[in-house]
Number of protein chains: 2
Amino acid sequence: MAKPGTKGRPPGAKGGGRATRAQFVEATIETLKREGFAGASARAIARTGGLNQSLIFYHFGSINDLFLAALDETSARRMESYRAAVDGARSLAELVDSAARIYREDLESGHIKVLAELIGAASAVAGMGRQISERIAPWTHLAREAIQRVVGASPAAALLPPEELAHAVVALYLGMELLTNLDGDRSTAEALFNRAALLAPMLSALFPGPTQAGG
Amino acid sequence: MAKPGTKGRPPGAKGGGRATRAQFVEATIETLKREGFAGASARAIARTGGLNQSLIFYHFGSINDLFLAALDETSARRMESYRAAVDGARSLAELVDSAARIYREDLESGHIKVLAELIGAASAVAGMGRQISERIAPWTHLAREAIQRVVGASPAAALLPPEELAHAVVALYLGMELLTNLDGDRSTAEALFNRAALLAPMLSALFPGPTQAGG
DNA sequence: GTCTATACTTGGATAGAC
DNA sequence: GTCTATCCAAGTATAGAC
C-alpha cells in the first residue's frame, strides 16, 4: 500500500529499507536470546540475519538504538498476549491462571531473555535504565487494571491497594523469570503458580468482590 | 607515572600477593557498581584500584574468574548482615522489618548492583548462570529457615509451605532491587515495605505461631 | 539502500625484563 | 610478584563505490 511517506524508493531497490529494518530487529532479538548482550555485537547480529553489518548504522544510528527497537518490538508483541489473557480473567483464580500461562509464554518466546539481557546491560549505557523502565511501566499499568477489576471492590483493596500490589506482582514476576533463566529450572516457578492457583479461590471466598457477588 | 604503594616490597615478601588480590576484588566491586558489567574491563578495574592490568591474569587467570571472586566476596559480606538481621527476628512483623533494613543496605552497599550486572552478563559466559545461581541459593536457604521459625508451626504453613514462600520472597526481593536499580526510584519499594509492615501483625493474629503463643 | 573495505578504539591475554 | 610493552581479536562506526 502506501509507501514509507517521504522516503522515496530508488528504482533499483527491492523490498526497500523497511524490510531490512525489520530483519535487523528480528536478528537482534534472536541474537540476544542465543548469545546474550555481551555476545550481541553488530557483527554477530548481522551474521544472524544474513545481513550487512554496516547497515545497522545506516538504519538505526547505533546498536543501542537497535537494542531499544528490538525491545520495543518484543514488548509490543507480548503486550498483545498480556492484554488478551488478562482481559479475559473474571476472578482471582482466572487471573492467576492467566499469569501462569503468560509466564510460560514469556519463557518460550524468549522475551524475558531479551529483557533480562538489557536490564543487565542498562548501567553500561547512559540513560538505558530509564528507557527500559519506561517499557516496563505498561506491565504495571496492565496489572493494576486487572487487579482492580477483580478485587478492586473488596475490602482487601483497602488493606493492599491495587497500585502497590501491581508493583509487587511485576517485581515478583521479573525476579522469577530471571531466576528461572539463571538455573534453567522451571519447576520451582511452576510449583509457585500451582500454589497460587490453590490459594486463589480461598482468598476470593474470604474477600468476595463484585464479580463474585454479581455472578 | 609509576605509582607508589607496595612497589618497594622485597621479592618474596609474605602477604604481598594476597593484598593485591584483595585490592583487585575491591576494585572490581567498585567498578561494577560505577560502570556496570560492560564497563568493567580489565583495564578499567586496574585503573580503579591503581593496579596493573596484567596482574589480573597472573592472580585470577581471567577476568571472569575475577568477577566470580568479587561476587563471592560481596555475597559473604552481605550474608553476615542477613544472618544477623534475620536471626534476631521473632515475629513476622520483625522479619518484615529486617527485610526492609536489608533491602536498603543492599542498595547502599551496591551488592545488588554487582549481582544485577552479573545476572545480566550470565548468558554471555558459558556456565556463569549456574555459578551465580549457586551463590543465590544460600539466600533462599536463609529465608526458608527464618520463615519456618516464625510461621512454621502455624496453619498458614500448610497452605503455603516455607520452602515455596522462601523462593517467592527471594524472587520478589531480586525483582524489586532490579527495578529500583533501573529507574532509581526507591519510593515504590519503600511503600511496599511499609504496607508489609502494616499487614504483618494482622497476618500474625490470623495465624498465631508458637512464638506468639509463648509470648 | 546496499555493498566492500577500512579507520580507529578497546579489550583480553601473554612475554619477558626486573 | 610486579612491571612495561605488545600481540591479536573484536568492537563501533564511517567512507565511498555501485
Side-chain angles (χ1 to χ4, degrees), chain A residues 3-25 27-28 31-32 35-70 117 121 124-126 128, chain B residues 1-25 27-28 31-32 35-70 117 121 124-126 128:
Chain A
K3 290 198 289 195
T6 57
K7 215 163 29 169
R9 188 186 299 171
K14 296 168 191 160
R18 223 164 53 95
T20 303
R21 248 191 90 98
Q23 283 178 339
F24 267 115
V25 167
T28 303
T31 308
L32 276 173
E35 320 214 25
F37 173 72
S41 66
R43 285 176 153 90
I45 290 168
R47 203 181 313 126
T48 298
L51 299 159
N52 192 297
Q53 174 253 346
S54 70
L55 287 180
I56 288 175
F57 305 95
Y58 176 82
H59 285 289
F60 299 90
S62 72
I63 63 159
N64 280 323
D65 290 319
L66 175 53
F67 283 141
L68 287 176
E117 291 300 330
V125 187
M128 190 99 159
Chain B
M1 310 303 148
K3 56 142 217 63
T6 59
K7 199 179 178 183
R9 197 186 292 274
K14 298 166 185 126
R18 265 205 314 271
T20 303
R21 247 191 92 97
Q23 284 179 340
F24 267 117
V25 167
T28 304
T31 308
L32 276 173
E35 319 213 23
F37 172 73
S41 66
R43 286 176 153 91
I45 291 168
R47 202 180 313 125
T48 298
L51 299 159
N52 192 297
Q53 174 252 345
S54 69
L55 287 180
I56 288 175
F57 305 96
Y58 176 82
H59 285 288
F60 299 91
S62 72
I63 64 158
N64 280 323
D65 290 318
L66 175 53
F67 284 141
L68 287 175
E117 291 302 328
V125 188
M128 191 99 159

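Just so we're on the same page: letters track the sequence lines, and every chain starts at 1. Computed from a predicted structure; not experimentally measured.
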In whole angstrom, what separates B:Phe57's CZ from C:dA15's C1'? 14 Å

Taking the six-membered ring for Trp, are the ring centroids of B:Phe67 and B:Phe37 within less than 6.0 Å of each other? yes

Without decimals, in angstroms, what is the distance between B:Phe60 CZ and C:dG12 C1'? 16 Å

Side chain of A:Asn52 only, heavy atoms from C-beta on: which candidate in C:dG12, C:dT4, D:dT12 is closest? C:dT4

In this structure, how many angstroms lie between the P atom of D:dT2 and the CG atom of B:Leu51, rounded? 9 Å

Do the non-hydrogen side-chain atoms of B:Ile63 and B:Ile45 ever get within less than 4.5 Å of each other? no

Could you state the atom-to-atom distance from NE2 of B:His59 to P of C:dG12 in whole Å? 17 Å

Heavy atoms from C-beta onward define the side chain here; which of D:dG11, C:dA13, C:dG1 lies closest to that of A:Tyr58? C:dG1

In whole angstrom, give the distance that lies between atom CZ of B:Arg43 and atom P of D:dA10. 16 Å

Using whole Å, report how far CD of B:Gln53 lies from P of C:dA13. 10 Å

Phosphate OP1/OP2 of C:dG1: any A:Thr20 side-chain N/O under 4.0 Å: no

Is it true that B:Ser62 and B:Asn64 share a donor-acceptor pair across their side chains at a distance under 3.5 Å? no

Between B:Phe37 (CZ) and C:dG12 (C1'), how many Å, whole number? 12 Å

Gap between atoms CD1 and P, on A:Ile63 and D:dA13 respectively (whole Å): 6 Å

B:Ser54 (side chain) and D:dT4 (base): donor-acceptor pair under 3.5 Å: yes

Hey, could you give me the CG/OG1 distance between A:Leu51 and A:Thr28, rounded to the nearest 0.5 Å? 9.0 Å

Taken to the nearest 0.5 Å, the spacing of B:Asn52 CG from B:Arg43 CZ works out to 10.5 Å

Given D:dT12, C:dT4, D:dT2, identify the nucleotide with an atom nearest to the side chain of B:Leu55. D:dT2

Of the options C:dT4, C:dA13, D:dT4, whose atoms approach the side-chain atoms of B:Ser62 most closely? C:dA13

